[in-house]
Amino acid sequence: MTRLLITNFYFHQPIGSDRGAFDPNRSNPRSAAKPSLSPMTHDPSSFSRQVEITNALGLHLRTAAKFEESARRFRADVRVFFNGCEYNGKSIMSLLTMAAEKGAMITIEAKGDDANEAVDVLAELVLAKFHEIDEELGAEESAP
Amino acid sequence: MKLLDFVSREAILVDLDAAGKEEAIREIVAALCQAGRLNVADQESVSRAILNREQLGSTGIGQGVAVPHTRHPTVDRLVGTVALSRGGVEFAALDNEPVYILFLLISPPNQPGDHLRALENISRHLKDERFVSFLRQAKTRENVVELLEEYDQSAS
């Protein structure tokens, strides 16, 4: 019996000692934005929605300016999560450091009394391709 | 992508003559032509395209910085440079302040990713107040190149 207990004791030793160690792959090395594991979801005044960027040119300057302008109409704090990093939805400079191309899945999160409306309006803006005439790159790519 | 991957060293301007948006853009495009990065035959067409883009909304993104740009078939890879203004250029910037640093970019029509990565690189550096301060203090083209090299190395 004693031997069995000892065996069990060794069996329950922790496996590996690197749990909780910082994972360098989590942060985007190209970005100075602070790494974040997941959007806040527990707060009742916090809303979030994941959307795909579908306009051909991605989140370039003009589209980032539109996003910032829309976000600033709300009192809520607006954050965007992409590739494990967090960006300020009310700062064009921050949004531009996302370098989010067509196909990028981003999560828009707002926190505050008009957060729900902010998330809806901003998600619709992205889904509406920022109300820009979507320039078809395919035709140019196949041209000689 | 590094700053000096798209900033043409020979076209860097450290003391723009222009005080207005159109003159500033024409001056920088002319510098790119003189540096051999653009065909002189396309100088007017490129300047026009950049000015047309400005009409959709100023690329003066605040903090004294503008990023005038266009897509144009005359280039087959991203071409650009940086220009500094001592007196400031009226650029109808988003914060209504004059601009002192201009990054001008010309992208091939079908490579939106490179354009986004250049914007990412520029805005990431511009969030660093020391970088902006050093850049504005640069007196010569060599000063600018040294600064960009230093920051390119520390970012990699």
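In this text the structure is predicted, and so the values were computed from the model without any measurement.
- Rounding to the nearest 0.5 Å places CZ of B/R124 at 8.5 Å from OG1 of A/T97.
- The structure places CG of B/L116 at 8.0 Å from CG of A/L57, a figure rounded to the nearest 0.5 Å.
- Atoms NE2 and NE2, from A/H60 and B/H115 in turn, are 7.0 Å apart once rounded to the nearest 0.5 Å.
- Using a 4.5 Å cut-off between non-hydrogen atoms, the part of residues 19-57 of chain B that approaches chain A consists of B/R53, B/L56.
- Neither the backbone nor the side chain of A/A64 comes within less than 4.5 Å of any heavy atom of chain B.
- Looking at every heavy atom in both residues, A/M93 comes nearest to B/S123 through O-CB, 3.7 Å.
- For a residue to count as touching a neighbouring chain, one of its non-hydrogen atoms must lie under 4.5 Å from one of that chain's; by this rule B/I122 does not touch chain A.
- Under a hydrophobic clustering in which Ile, Leu, Val, Met, Phe, Trp and Tyr are joined whenever their side-chain heavy atoms come within less than 4.5 Å, directly or via other members, B/F6 and B/Y151 fall into the same cluster.
- Note that NE2 of B/H69 is 6.5 Å distant from CZ of A/R62, once rounded to the nearest 0.5 Å.
- Under a 4.5 Å side-chain heavy-atom criterion applied to ILVMFWY residues, the cluster that includes A/V121 comprises A/F74 as well.
- Contact count versus chain A (heavy atoms, under 4.5 Å) is highest, among B/L94, B/N121, B/L119, for B/L119.
- Clustering ILVMFWY residues whenever any of their side-chain heavy atoms sit less than 4.5 angstrom apart, transitively, puts B/L13 in a cluster other than the one holding B/L84.
- Applying a 4.5 Å heavy-atom cutoff, none of the residues of residues 128-137 of chain B approach chain A.
- In the hydrophobic clustering of ILVMFWY residues, with side-chain heavy atoms under 4.5 Å counting as a link, B/V65 and A/L61 come out together.
- Other residues sharing the hydrophobic cluster of A/M105, ordered by chain and number and joined by side-chain separations under 4.5 Å: none, the residue standing alone.
- Contacts of A/I92 with chain B are made by side-chain atoms alone, with heavy-atom separations under 4.5 Å and no backbone atom involved.
- Minimum interatomic distance between A/A56 and B/P112 (heavy atoms only, all atoms of both residues): O-CG, 3.9 Å.
- Using a 4.5 Å cut-off between heavy atoms, A/L59 contacts chain B through its backbone alone, with no side-chain atom that close.
- Taking OG of A/S91 as the start and NZ of B/K127 as the end, the distance is 6.5 Å to the nearest 0.5 Å.
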